[in-house]
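Note that the structure is predicted; figures quoted are calculated from it, not measured. Both counts, for ligands and for their atoms, begin at 1 and track the order of listing. Starting from 1, each residue takes its place in the sequence as its number.
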Amino acid sequence: MRVTISVIKADIGSIGGHTAPSAEIEDIVQQHVARGRGRLLIDSYVSHTGDDIAITMTHDRGADDPDVHRLAWDAFRSATEKAKAQGLYGAGQDLLKDAFSGNVRGLGPASAEVTCDERASESLIVFAADKTEPGAYNLPLYLAFADPMYCSGLLLSEALKDGFTFRVMDVNHTAGDRTITLDAPERLYDLAALLRDTHRYVIESVWSRRFPEQQAAAVSTSRLRNIAGKYVGKDDPVAIVRVQNIFPATEEFGPPFAIGPFVAGNTRGSHNLPLMPVPINTAASSFFCCPIVSGLAFSIHDGVLTRPVDIFSDPIWDAVRHDVAHKAGEMRRQGFFGPAMLDMSELEYGGITERLTRLEEEFVVTDHAELTHAVTLPRGAHA
Ligand code: 13P
Ligand code: MG
Ligand code: MG
């Protein structure tokens, strides 16, 4: 069966700051989407990661289907009314446009979609991250799909031995989608050269080389500031990764995520802190909004989802979180200094621009000749 998995997520308000949605608004989203089952959808699952609600949907209507996207959009819209009534913080935060226009891309919510011929044992993981940007997945996905130090399947499996194709998007380009397609392992260094710049170059999708029609991964790539023209919240990204068989195994994604790489986002979307893997439905961290990522593994048959397994909840992740918390603590000790805060190109949509513009007027320029003259004069002497 040909099935599409669509994950659409949005921040529509949260309790006491940018923490977690209320149970009531999550219920409204869940019930609204469930009404689409049997009509538009085969199945659905609703969860939250920090203050973002993610809707996972399966159907046979292909990617970018207007009715499926509208269902998610309307679910978020109706729950936003409740968010306002409850006084939730940032009610409707990610719904940046009033009118729905075909699909949610460009309207605020993030979306990732994969269409595939369902395998006999179709297995996949839905990742959702909060307080960070789509490029946060660059390192874990690169390591899991292209590095035999992390993906033993590249050495051990005939189906993986040819490697994977990465499609990378330039998310600063706003007039259409600007992408580059690179084969790993041949283009590994080119890939690394792009992926290191997580603000601009984002893995959009990954494909099998042995079976080129088989999509392995999809990542949401929206940049809210490109839509709103100012900082309105981070682009907390979702990703779908198909696993097992012709793809890396579920457990080959563990060690790359256990690195806890420093990523942009965190408090006011303006800092770097390590990405911490957490159980599903975890509230955002009060420790300076340390970025978090959740992972739900599903099996699918005829588009019907099993219950999810929470892949960052087994005991080893407590030890990982301990290490990542230590990294976060070390970085926060240096406050605003150096790489703890994002560089100016990323802050240009925030209030610091006005402060620096005011400061510009107070700068004085001293002529070099005057300076030389001044320092050669003895103290108290007049020119
Ligand atoms: P969210 O993008 O998760 O709403 O966080 C915004 C923020 O600025 C937190 O400090
Ligand atoms: Mg928020
Ligand atoms: Mg968020």
>> With side chain to side chain contact (heavy atoms under 4.5 Å, CB included) as the test, pick out the partner of V104 among I8, L95, D64.
In response: I8

> Taking the non-hydrogen atoms of G269, is any one of them nearer than 4.0 angstrom to ligand 1?
Replying inline: yes

> For ligand 1, is there an atom lying under 4.0 Å from some heavy atom of D94?
Replying inline: no

> So which of the N, O or S atoms of H18 lies nearest the Mg ion (ligand 2)?
Replying inline: ND1

> Are side-chain heavy atoms of R210 and D162 found at a separation under 4.5 Å?
Replying inline: yes

> Are any of the side-chain heavy atoms of S44 and R37 separated by less than 4.5 Å?
Replying inline: yes

> Quick check: does D11 have an N/O/S atom under 2.8 Å of the Mg ion (ligand 3)?
Replying inline: no

May I ask you to list the atoms of ligand 1 that are less than 4.0 angstrom from any heavy atom of [X]?
X: N266; value: 9 (C), 10 (O)
X: T267; value: 10 (O)
X: H18; value: 1 (P), 4 (O), 5 (O), 6 (C), 7 (C), 9 (C)
X: Q93; value: 1 (P), 2 (O), 4 (O)
X: D51; value: 1 (P), 3 (O), 4 (O)

>> Nearest N/O/S atom of D236 with respect to the Mg ion (ligand 3), by atom name, please.
In response: OD2

Salt-bridge criterion met for [X] and [Y] (N-O under 4.0 Å):
X: R61; Y: D67; result: yes
X: E133; Y: R200; result: no
X: D51; Y: K131; result: yes
X: K327; Y: E330; result: no

>> What I want to know is whether D52 and ligand 1 share at least one N or O pair that is separated by under 3.5 angstrom.
In response: no

>> Check this for me - ligand 1, D130, N or O atoms closer than 3.5 angstrom, yes or no?
In response: yes

>> Apply side chain to side chain donor-acceptor pair (under 3.5 Å) to residues D343 and S345 and explain how you reach the verdict.
In response: CA-CA 6 Å; D343 59 41; S345 63; 2.7 Å; yes

> Looking at F253 and P248, what are the two nearest heavy atoms and their distance?
Replying inline: CE1-CB, 3.7 Å

> How many degrees, to 10°, between D130 OD1 and D51 OD1 as seen from the Mg ion (ligand 3)?
Replying inline: 90°

>> Please compare R268, E133, K131, H271 and report which has the shortest non-hydrogen distance to atom 5 (O) of ligand 1.
In response: K131

